[in-house]
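What you see below is based on every heavy atom in this structure, not just the backbone, and it leaves out hydrogens, waters and symmetry mates.
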2 protein chains.
Amino acid sequence: MSIELDKFDRRILAILQADARRPAETIGAQIGLSASAVQRRLARLRQEGVITAEVAIVDPVQAGRPLTVIADVEVERERPELQLRLKQWIAAEPAIQEAWYVTGEGDYVLIVAVRDVQAYEALMHKLMVENANVLRFRTRVALGTLKRGLAVPMDPPAA
Amino acid sequence: MSIELDKFDRRILAILQADARRPAETIGAQIGLSASAVQRRLARLRQEGVITAEVAIVDPVQAGRPLTVIADVEVERERPELQLRLKQWIAAEPAIQEAWYVTGEGDYVLIVAVRDVQAYEALMHKLMVENANVLRFRTRVALGTLKRGLAVPMDPPAA
DNA sequence: AGTGAAAAGTATAACCA
DNA sequence: TGGTTATACTTTTCACT
């Protein structure tokens, strides 16, 4: 069951999704609450898993992984045990930043951060060799990143 | 030109990409540096834009946006001014979390966080109506999220 | 660059309305 | 739940190696 998020919670989350370092006192001043009320809500939001993590975002270019690739991977669907193995393989591969299982012909969509095309090819070769159920994949290279983030829009409270 | 990141910088970044709240003293203990050395490096990494932001990650389900959709949008390429307009449209739409311009037939790939299929359809209808250069799009719904993050793997230093 | 110590700023926790 | 206060912790600044 999901937790009720009121107007204050939502405003706190909206602010923290842009800047997790903002002090509770500053947030409180913005939304009309005392610093400790903000802290109490913050502790609750972490505790209940509404906030799943607070992380630093690193520039991929400066970190030496300037190339983003979107890979559509098609797999045989009739092998549940190989599917599990593939999921574990994906989870263990740090170059894969995001991965979804999507509607369509047994497809996974992967977002991959690599140094160059060669590194991507090596990664996908390894993927194919180590996962027999992977039939083929399609590669699209990001020519430009327009937007990058995990922020979820905060709608007005339902209640 | 990119900044040199030594072994310590990389270890700090690796830690902070998983947990931005970790105190400098704890990080220092892990990597064999004093708290103030860690703080000084941290300030430099922020200053130079290696760390672009520190953000809270919010659970989309609890925030009321349980549905992730991957949209491949095909546009007419012969209209640079409409391309700019589309980019601005994407930038201004909070439901679009990520967007890349990719190799292929004038395609954008969008990652969209919505409440339900209806909200997605309404969004894409609006996209088409307000951007005349959008020819068509393909929709894939995420049936499962295997991995979600923006963490960049920290390779050993080149130097 | 790194260390260590004082000062300033934040978070945490206890208590009252 | 929200506010206030006291305490503990963290970051910031500075003097020194």
Output a table of donor-acceptor pairs, distance under 3.5 Å, between side-chain atoms of residues 51-58 of chain A and any protein atom two or more places apart or on a different chain; print 'none' if there are none.
from: A/Thr52; atom 1: OG1; to: B/Ile57; atom 2: O; distance (Å): 3.2
from: A/Glu54; atom 1: OE1; to: A/Arg46; atom 2: NE; distance (Å): 2.7
from: A/Glu54; atom 1: OE2; to: A/Arg46; atom 2: NH2; distance (Å): 2.9

statement: So the ring-ring contact (aromatic ring centres under 6.0 Å, His included) pairs with at least one residue in residues 97-133 of chain A (sequence neighbours excluded) are A/Tyr101-A/Tyr108

task: Test A/Gln97 against B/Arg148 for side chain to side chain donor-acceptor pair (under 3.5 Å), laying out the working first.
output: CA-CA 6 Å; A/Gln97 297 184 317; B/Arg148 202 79 218 278; over 6 Å; no

For [X] and [N], give me the distance from atom [atom1] to atom [atom2], rounded to whole Å.
X	N	atom1	atom2	value
B/Glu25	C/dA5	CD	C1'	13 Å
A/Arg22	C/dT10	CZ	P	12 Å
A/Leu45	D/dT1	CG	P	11 Å
B/Arg44	C/dA1	CZ	C1'	10 Å
B/Glu54	D/dT10	CD	C1'	14 Å
B/Leu33	D/dT11	CG	P	14 Å
B/Asp19	D/dT10	CG	P	12 Å
B/Gln47	D/dT12	CD	C1'	15 Å

field: Salt-bridge present (A/Asp155, B/Arg65; N to O < 4.0 Å)
entry: yes

query: What distance do B/Leu86 atom CG and B/Leu127 atom CG have between them, rounded to the nearest 0.5 Å?
result: 6.0 Å

message: Taking the side chain as everything from C-beta on, heavy atoms only, tell me whether B/Trp89 gets closer than 4.5 Å to B/Asn131.
response: yes

task: Scan residues 34-42 of chain A against DNA chain C and write down, sorted by residue number, each residue with any heavy atom closer than 4.0 Å; if none is found, say none.
output: A/Ser36, A/Gln39

